[in-house]
Amino acid sequence: MRGRIAAIWGLTFREALRSRLFSLAIGFVGCLVLMVTPYAHATLGDPIAVIKHLGLAAASLVSITVVMVAGSTFLQKEFTRKTIYLLLARPLRRWEFLAGKFLGLTSVATTLYGLMVVAVIGYAGLLEGRPDWRLLWVVPYGISELAIVSAITILFSAIVVTPVLNGMFAFGIWIVGRSHPWLTTTVESSSLPILRFILPIIPDLSALQVADGLMYDEIPGVIHAAAGLGYGITFGLGLVMLAATLRGLADIP
Amino acid sequence: MSAALEIDNLSYARRHPWTGRRTSTLDPFSLSVAQGEAFGFLGHNGAGKTTTIKNILGLVTPTTGSITLFGIDNRNPASRGSVGYVPENPYFYDHLRVGEAISLGAQLAGISGREIKKVVGDTLERVGLSSRYTSPLRTLSKGLLQRVAIGHALVSSPRLLILDEPFSGLDPIGRREMRNLFEEERRSGTTLFLASHILSDVEALCDRVSIMVKGKLRGIFSCEDLGKQPSRGYELIIGAALNYDDILAIIGKPSSEIECRQQHSVTVITIIDADQARTALTRCIEKNLPIASFYHQRPTLEELYVAIVDPSTARSEGGG
């Protein structure tokens with residue numbers, strides 16, 4: 001079982017690494033950070049803090065975009081290219097296939113995110129004279145968010161026919177997840193009790209944003225970071241199992 | 001000993017994803033393929049061959065009936081542990097290299113990490129791709145991709161090989177090599193399930209054939225029985241242009257019907273009576289005529305196939 005999941009994981013990871021999407025994403029963030037430097041120096045506050053803040057935000061957004069694009073299209077691509085036939089003609093269970101894809105997508109995005117965060121730390125360190133390693137605290141939270149978004153796109157891939165619609169749904173959930181505090185306020189003030197059932201099924205992605213705090217020396221701590229990581233992985237695996245249950249019943253076109 | 005493949009009352013109706021309306025693709029049928037047998041699955045394009053294979057591999061759920069592979073229900077993924085599948089068109093990930101594609105098949109079949117390298121090397125050797133280990137799949141021709149697909153199927157040493165048009169895209173030499181490879185597999189005890197419409201390959205490889213027409217199984221025939229069908233005469237081909245009188249002068253006055261025609265610079269003589277044919281052959285040898293071939297004509301699989309798939313064509317050809 002582990003060997004088969006690892007095979008799909010490796011396949012997904014390799015595909016993303018060899019695609020242009022990966023290098024384009026890194027190039028895009030690199031250009032963005034370089035371009036923002038003159039702007040940062042023109043601000044009234046600390047220009048290095050602006051570069052760090054923007055760099056981390058760009059790394060997060062670009063990784064999320066890569067996951068959404070790759071995740072929304074992967075199942076459709078498997079069907080169109082009929083590559084899924086070769087995989088499922090082996091003793092591979094459908095949940096193993098989806099779990100492998102989930103791990104592959106998450107690890108690709110994590111690698112991308114990690115590289116970009118290190119690049120931002122390196123560039124800011126070059127300007128500041130010393131690298132600010134505290135920024136690495138964003139990584140476990142970033143992985144958690146990427147795992148959840150990967151799982152959301154996989155879930156929608158399993159139930160939605162077109163990649164565009166799938167991507168739009170995943171993007172919608174991500175926006176709502178990032179706005180969780182506002183959603184909570186809205187639901188609590190609403191007279192419709194049914195809305196209260198929605199809250200637990202929407203992932204709280206706003207709780208995973210720690211970059212702002214880091215700028216003001218608010219270090220989250222190991223337990224908090226582990227909890228954040230655990231939340232993302234548990235939520236993600238739950239969604240993948242749901243996707244496997246739904247996809248497991250469906251015929252391969 | 002359980003059959004390699006047992007299909008019991010299988011039918012399949014495709015369901016429209018939106019309306020839920022079902023369109024029948026396969027009418028109920030049953031068949032059994034014994035272990036070590038080579039079974040041909042014939043049918044025109046759209047007859048239902050690939051749909052049947054999809055059902056066998058568990059890619060779609062049958063509307064009725066059941067399928068077992070070596071006695072294990074095909075809904076259990078473990079049933080595919082001893083199956084190798086070669087699709088009609090080589091479906092592969094463009095980003096992979098040849099060695100990686102074969103290795104993927106080995107990993108999915110549960111071959112452990114240490115063994116993989118050796119197994120992949122052996123498989124590439126067998127399909128004639130040893131020198132292509134690091135070639136990206138996107139740079140390969142269709143024929144070479146087909147070899148990769150065959151390697152992908154063989155890497156796990158399957159007991160049942162499901163081949164869906166495995167010779168498509170191969171040049172004549174490649175076809176012969178692959179046919180030899182499948183014959184070798186068969187001799188080693190592997191069961192073959194060959195879906196194809198290249199009848200000569202099916203006839204050469206298979207013990208039995210079934211013919212499917214528009215989703216209906218129209219019969220299962222033994223290739224051996226085809227040879228036992230009534231003789232359609234003997235064909236003697238002489239590598240020289242001779243007219244009817246020359247032939248009569250050589251073989252004497254025929255006691256039964258003979259037919260004679262010239263094709264390019266050869267003469268084709270069809271003789272119904274066996275004794276007459278033997279005499280003609282002996283006389284030609286005595287006269288030192290260049291004999292190109294002499295063979296017994298029996299109904300071919302192609303004729304049987306045409307008669308079943310399109311009886312009107314068969315009748316008109318037979319009458320002509």
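So that the names make sense, note that chain A is the first sequence line, chain B the second, and so on, each numbered from 1.
The contact between A/Leu87 and chain B is made by backbone and side chain atoms together, counting heavy-atom distances below 4.5 Å. Looking at B/Ile56, neither its backbone nor its side chain comes within 4.5 Å of chain A, counting heavy atoms on both sides.
When atom types are taken as modelled, the side chain of B/Ser188 and the backbone of B/Glu185 share a donor-acceptor pair closer than 3.5 angstrom.
Checked for salt-bridge contact, A/Glu96 and A/Arg90 miss the test: no charged N lies under 4.0 Å from a carboxylate O. Under a 4.0 Å N-O distance rule, the pair B/Lys49/B/Glu88 does not qualify as a salt bridge. Taking a cutoff of 4.0 Å between a charged side-chain nitrogen and a carboxylate oxygen, A/Arg18 and B/Glu100 qualify as a salt bridge. Of the charged side-chain nitrogens involved, none lies within less than 4.0 Å of a carboxylate oxygen, so that B/Asp122 and B/Arg126 do not count as a salt-bridged pair.
For the set A/Ala89, A/Gly10, A/Ser19, the count of heavy-atom pairs under 4.5 angstrom toward chain B peaks at A/Ala89. The candidate from A/Arg81, A/Lys77, A/Glu15 with the greatest count of non-hydrogen atom pairs under 4.5 Å with chain B is A/Glu15. Comparing B/Gly110, B/Gly105, B/Ala109 by how many heavy-atom pairs each has under 4.5 Å with chain A, the most go to B/Gly105.
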